[in-house]
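Quick note on labels: first sequence line is chain A, next is B, and so on, each numbered from 1.
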Amino acid sequence: MHEYQPSVIEPKWQQQWTQRGTFRMGRPSTKGKKYVLEMLPYPSGSMHMGHVRNYLLGDVYARYFRMLGYDVVHPMGWDAFGLPAENAAIKDGVHPATRTAQNIASFKAEIQTLGYSYDWDLEVNTSSPEYYRWNQWFFLKMLERGLVYRRFSKVNWCGESVKGSVPCNTVIANEQVKDGVCERCDSKVIDKNMPEWAFRITKYSQSLLDALDGLKEWPDRITSAQRNWIGRSEGVEADFAVEGSTEKIRVFTTRVDTIHGCTYVVVAPDHASVAKLTTPAQKAEVDAFVKKMAARSKTERTEEGVEKEGVFTGGFAINPFTRAKVPVWIANFVLSDYGTGAVMSVPAHDERDHEFAVKYSLPIVTVVHPDAKGPFTGEGAFTEDGVLVGSGEWTGKTSAEARTSMAAFLEKAGIGTPKVTWRQKDWGFSRQRYWGTPIPIVYCEKCDPERHGIPVPYAQLPVTLPEIKVEEVLTGKGEPPLAKVASWVNTTCPRCGGPARREAETMDTFVDSCWYFARYLSPHFETAPFDAEVAKKMLPVDIYVGGPEHATMHLLYFRFWTRVMKELGLCTVEEPVTRLITQGIVNGADGFKMSKRRGNGVAPSEIVKKFGADTARGYVVFAGPPERDFDWNDKAVEGIWKFLNRVWTLASDAHDQARGVTHEGPHTGKALEIRKIAHKCLKRTTEAIERLSFNTAIAGIMEAVNALYDPKQGLRELSTVEERAAMNEAVRLLSFILVPFVPHFANELAQAYGATSPLEEQSWPAYDPALVVDDVIPYAVQVMGKLRAEIMAPLAATEAEVRALAEANDNVKAAIAGKTVKKFVFVPKRLVNFVVG
RNA sequence: GCACGAGUGGCGAAACUGGCAGACGCAGCAGACUUAAAAUCUGCAGGCUCUUCAAUGGGCCGUCCGGGUUCGAUUCCCGGCUCGUGCACCA
């Protein structure tokens, strides 16, 4: 055998796989399909280690399942629209399409050096009209169903640079705002009032929430993040009459049981009733406060540490239960877009109300005691459930009882209703940028004076992005770039044929990733987003691998979209993904996130060049369990390189004697030992792969190789036919076990030992059950739970026999001498324990 | 504050359903080969400690802390600490 040379064998095998179409979807299978998917990347110029790890986790499964006989779908594509290309264009004038095409080419070339088992025939590019026309199609379908609408509202505008950040200069979704800054560029997010298009995702809040219980193979942290994000809250809405007016203030509360203790009402500064509630005497103060609040963003008004502030409107409301007159205030902490924008304040039983009441000397009335014994004696508010006091006919009832019966009372009186409120808002997806999907809407003065928007007819799709002069259109300033392209924006009205203007906004790129997993299955389908027949067979995705940072964005959006696709009859599943795997981050050797600034980055291409793709792959899976972060370690990479060479040496040294040698009949002595090592390793590795424990799979292979090397056993000196045949088999099995992790290496090994086709086209081997058990096995012997000895016993030994062997051991004898054995615990094949008195 | 996750040698980690804690690897130490180094191969390796010239053999402690259940707990239960993530003046 020649020397191990990754730079020679890796391109060779990559070419083989491509030529033979080894990884194509659609092969006949009696076992069914497995759809293995990794989150599609934004094609930046080059890969980072995170990509390598992400795709590898999918690749191990894709290869493994293929060898188990499944029809495997394993596609890759490009999330090609988006801001980086557009921002770069603003800087250097290169058209986003040009740059994107270049990036895809280089990114793809790099991905291919790692030898992933992709079916490149399924490749998808979301920035191609062939793809994004279906975004537009979905938009129109959803518009028809009332799932898309235009609203005028306060939006999150990413436009204020912080510490040199480059703002996106566009609206972003709630999901993209983290702690008041843009999750993408870290610029400050400000409130802006403007029209925008939104998806009615909240129509599915309940469904999205309920189905989380069924996503048993999703990580808890993801389902829990979605649960928090959706934020279901059960309570009631109740009307407070306004004194001296027919006006009502509707409040939302989860604690209607405390309503007898409501001593004031607070509304948001931008609540619709503020003007009507305000008395002439208070007007100046209220106006000043409202103005001051309007100047601040939601984040500035509500983030932690901001002091509660409010003013009295002069108006009063009537508590519907006590008929008491309570003052109405406005305060900074009340949000107009949650609940009804008005709250009944019960300072005795809510921390926040308590703080506000103390600050402004408002009365505090206790209406709930912790229990029948008496009042709460601690500091501040008593916020838990308890027993009602001073609450009329509800006095003496528990909080839970009171909530039910008070809700019924309100409903009967026609002044309230049980109500579920959600934290999740609709998904605003208008973006004031160029490099995205044009929204297929036109505005016609004549047909649509109120500017609701007229849908572009299906027959006119796609509405393609116009050719542009980059430096004129992509300036990063002013109105949406497309509005500057007169030849494009000016069009004719599909209804009256008169002059009209196109919608100049584009869609959030998260729209693209909502359904790409279905498009992969029929990437060039022309009459619908994808072929429903194929989708029926291949969906849902069985394994989806990606980063946990998408918990409340992509992973929520595409669940929503799948529901819509089901309603449209495009697919039969409601949930897109059965099993979700979220991989941890690969940090620099210094423990910090890899970055240019720190100079702690390790480029995959460097590692491939230095050691080959297989070493890079082997290291990344061996470094730790998939979901955990790990720090890069150059030395450990070398360790994998050494390991591969050790395997190579083993196979190489045995090659001339063992290659192709077979032996029928029983193996004995060293030959049996070799076979046992190989079959045990096969069993162990298979089980490890099944439970996503790739690092221990590698460890198991290392152990087997170490055992074959062991000089005490001398297994590498092959003197008989039996031994040669056993070694031949061992190398063959090792190459199978290795192939999901280090495919080029494994195939080269197999080929040197006579394989005529790639291992991925062969079946995953089965271990021989007779070879994975030993005749004599170790037992741990405990006395009172403490380890006292280790003994060997025959596999078939009975409890009494093992006990006799244990009692014969000197250490055990000493430990139980002079004591009576009260109990003898026997765990077959593992351990015995003497309980003595 | 609420929710979720994690905490094991110098380091990355393992221990599948309550059954020998630390597999495998990195770093380390020692040895073989070599003029030498690298590479390779071999051995040692949680802490403390006892017997012994030594090899070896033994004892005690040890999986964030404190309790509990159990013959036996890294694993299950209760309470707490620390770190990470999500949500958060959400009524």
Side-chain angles (χ1 to χ4, degrees), chain A residues 178-179 219-231 233 235 251-255 258 266 268 301-308 331-335 337-346 350-353 355-356 383 421-423 548-549 551-552 619 622-625 627-640 642-643 645-646 649 684 687-688 690-691 693 695-706 709-712 778-790 810-811 814 821-836:
Chain A
K178 302 269 181 247
D179 298 323
D220 284 345
R221 56 187 300 216
I222 302 296
T223 49
S224 144
Q226 294 205 353
R227 229 172 243 119
N228 280 332
W229 183 263
I230 293 169
S233 177
V251 301
F252 171 73
T253 179
T254 54
R255 289 299 304 275
T258 64
V266 194
R301 253 176 44 209
T302 61
E303 77 192 334
E304 187 165 2
V306 173
E307 209 191 328
K308 291 178 185 38
N332 58 344
F333 63 86
V334 179
L335 309 172
D337 61 353
Y338 183 81
T340 59
V343 279
M344 58 169 232
S345 293
V346 185
D350 181 284
E351 295 288 357
R352 189 194 40 200
D353 295 344
E355 192 186 327
F356 193 80
T383 58
T421 294
W422 306 87
R423 216 197 63 83
E549 66 276 11
T552 56
Y619 168 63
F622 185 59
E627 69 280 4
R628 216 176 292 181
D629 295 350
F630 71 85
D631 299 343
W632 188 261
N633 180 340
D634 281 318
K635 283 292 186 180
V637 178
E638 281 178 41
I640 295 294
K642 287 179 190 172
F643 164 67
N645 277 286
R646 204 166 143 89
T649 304
R684 185 173 164 184
E687 287 167 359
E690 289 282 349
R691 55 171 219 275
S693 185
N695 52 333
T696 60
I698 303 277
I701 305 170
M702 287 173 167
E703 264 179 86
V705 171
N706 289 346
Y709 257 83
D710 187 352
K712 288 197 285 285
Y779 272 85
V781 183
Q782 296 181 341
V783 177
M784 294 302 282
K786 280 191 192 290
L787 185 70
R788 292 300 169 197
E790 184 176 286
D810 288 343
N811 273 333
V821 177
K822 286 201 296 199
K823 190 174 168 188
F824 180 71
V825 180
F826 178 68
V827 182
K829 295 176 195 163
R830 285 192 183 274
L831 138 167
V832 294
N833 187 11
F834 292 91
V835 184
V836 295

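Both distances falling under 3.5 Å, in either a Watson-Crick or a G-U wobble arrangement, occur for no nucleotide opposite B:G22. Under the Watson-Crick and G-U wobble criteria, each requiring two contacts below 3.5 Å, nucleotide B:C76 is paired to B:G68. In a base pair of the Watson-Crick type (N1 to N3 plus N6-O4 or O6-N4) or a G-U wobble (N1-O2 and O6-N3), with each distance short of 3.5 Å, B:G9 is matched with no nucleotide. Here B:A45 sits opposite no nucleotide as a Watson-Crick or G-U wobble pair (both hydrogen-bonding atom distances under 3.5 Å). Nucleotide B:C4 forms a pair with B:G84, judged by Watson-Crick or G-U wobble geometry with both contacts under 3.5 Å. The partner of B:U52 cannot be assigned: no Watson-Crick or G-U wobble pair with both contacts below 3.5 Å exists in any strand. Across all strands shown, B:U17 forms no Watson-Crick or G-U wobble pair with both key distances under 3.5 Å. Both distances falling under 3.5 Å, in either a Watson-Crick or a G-U wobble arrangement, occur for no nucleotide opposite B:U34.
Within 4.0 Å of A:Ala623, counting heavy atoms only, lie sugar-phosphate atoms of the nucleic acid but no base atom. Residue A:Arg227 is out of contact with every strand shown, counting any heavy-atom pair closer than 4.0 Å. Within the nucleic acid shown, A:Pro219 has no heavy atom closer than 4.0 Å to any nucleic acid atom. Residue-level contact check: A:Gly639 touches the backbone only, with heavy atoms under 4.0 Å from sugar-phosphate atoms and none from bases. Note on A:Phe630: nothing from the nucleic acid sits closer than 4.0 angstrom, heavy atoms only. Across all strands shown, A:Ala699 has heavy atoms under 4.0 Å from base atoms, whether or not it also approaches the sugar-phosphate. At a threshold of 4.0 angstrom between heavy atoms, the contacts of A:Asp629 are confined to the sugar-phosphate backbone, with no base atom among them. Residue A:Arg830 is classed as a sugar-phosphate contact, given heavy-atom separations below 4.0 Å to backbone atoms only. Within the 4.0 angstrom heavy-atom criterion, no nucleotide atom of any strand lies near A:Lys829. Nucleic acid contact class of A:Lys822 (heavy atoms, under 4.0 Å, all strands): none.
Of the candidate nucleotides B:C26, B:A15, B:G19, B:A15 has the atom lying nearest to any side-chain atom of A:Ser693. Of the candidate nucleotides B:C20, B:A15, B:C90, B:C20 has the atom lying nearest to any side-chain atom of A:Ala780. The side chain of A:Arg221 sits closest to B:C4 out of B:C20, B:U42, B:C4. Residue A:Glu790 has its side chain nearest to B:C20 when only B:C20, B:C24, B:C87 are considered. The side chain of A:Arg423 lies closest to B:C90 when the candidates are B:C90, B:G19, B:G5. Distance from the side chain of A:Ala636 is smallest for B:C26 among the nucleotides B:A14, B:C20, B:C26. When each of B:A14, B:A91, B:G25 is scored by its nearest atom to the side-chain atoms of A:Thr696, the top-ranked nucleotide is B:A14. Out of B:C60, B:C26, B:G19, the shortest distance to the side chain of A:Asn633 is found at B:C26. For A:Arg352, counting side-chain heavy atoms from C-beta on, the closest listed nucleotide (B:C90, B:C4, B:A14) is B:C90. The A:Asn228 side chain lies nearest to B:A3 when the options are B:C90, B:A15, B:A3.
Comparing the same atom, C1', in B:A21 and in B:G62 gives a spacing of 9 Å after rounding to whole Å. B:G79 and B:C61 have their P atoms separated by 29 Å, given to the nearest Å. One C1' atom belongs to B:G43, the other to B:C33, and the distance between them is 15 Å to the nearest Å. Comparing the P positions of B:U42 and B:C24 gives an interatomic distance of 13 Å, to the nearest angstrom. Rounded to the nearest Å, the gap between the P atom of B:A39 and that of B:G57 is 32 Å. Here, B:A3 and B:G19 have their C1' atoms 34 Å apart, quoted to the whole Å. Spacing of C1' atoms, B:G18 relative to B:A73, comes out at 7 Å, to the nearest Å. Taking the P atoms as reference points, B:G58 lies 37 Å from B:A6, given to the whole Å.
Atom CG of A:Asn695 and atom P of B:C26 are 15 Å apart (whole Å). In this entry the distance linking CG of A:Asp634 with C1' of B:C11 reads 15 Å, nearest Å. Atom pair A:Asn833:CG and B:A73:C1' shows a separation of 13 Å (rounding to whole Å applied). Atom pair A:Arg788:CZ and B:G58:P shows a separation of 11 Å (rounding to whole Å applied). In this structure, A:Lys823 atom NZ and B:G19 atom C1' are separated by 13 Å, rounded to whole Å. Whole-Å rounding puts the A:Phe824 CZ to B:U70 P distance at 21 Å. Here B:C24 presents its P atom at 14 Å from CD1 of A:Ile701, a figure rounded to the nearest Å. If you measure from atom CD of A:Glu351 to atom C1' of B:G1, you get 9 Å, rounded to the nearest angstrom.
Under the 4.5 Å side-chain criterion, counting only non-hydrogen atoms from C-beta, A:Gln782 is not in contact with A:Val825. Annotation: side chain of A:Asn706 is in contact with side chain of A:Arg646 (closest heavy-atom distance under 4.5 Å). A:Val832 has its side chain within reach of A:Val781: a pair of non-hydrogen atoms, C-beta onward, lies under 4.5 Å apart. The shortest distance between side-chain heavy atoms of A:Thr552 and A:Lys178 falls below 4.5 Å.
When the nearest nucleotides of RNA chain B are assigned to A:Lys786 and A:Ile640 by heavy-atom distance, the more 5′-ward of the two goes with A:Ile640. Across the interface with RNA chain B, nearest-nucleotide mapping of A:Asn706 and A:Arg255 shows A:Asn706 to be the residue nearer the 5′ end.
Under the 4.0 Å criterion applied to side-chain N and carboxylate O atoms, A:Glu703 and A:Arg684 are assigned as salt-bridge partners.
Side-chain nitrogen and oxygen atoms of A:Lys635 include none within less than 4.0 Å of the OP1 or OP2 phosphate oxygen of B:G25. The side chain of A:Arg646 contributes an N or O atom lying less than 4.0 Å from OP1 or OP2 of B:C41. Within the structure, a side-chain polar atom (N or O) of A:Arg691 is placed less than 4.0 Å from OP1 or OP2 of B:A15. Residue A:Asn811 has a polar side-chain atom (N or O) positioned under 4.0 Å from OP1 or OP2 of B:G58. A sub-4.0 Å separation between OP1 or OP2 of B:A91 and a side-chain N or O of A:Thr340 is absent.
Using cut-offs of 30° and 60° on the angle between ring planes, the pair A:Tyr619 and A:Phe630 is perpendicular.
You'll find the ring centres of A:Phe333 and A:Phe356 inside the 6.0 Å limit.
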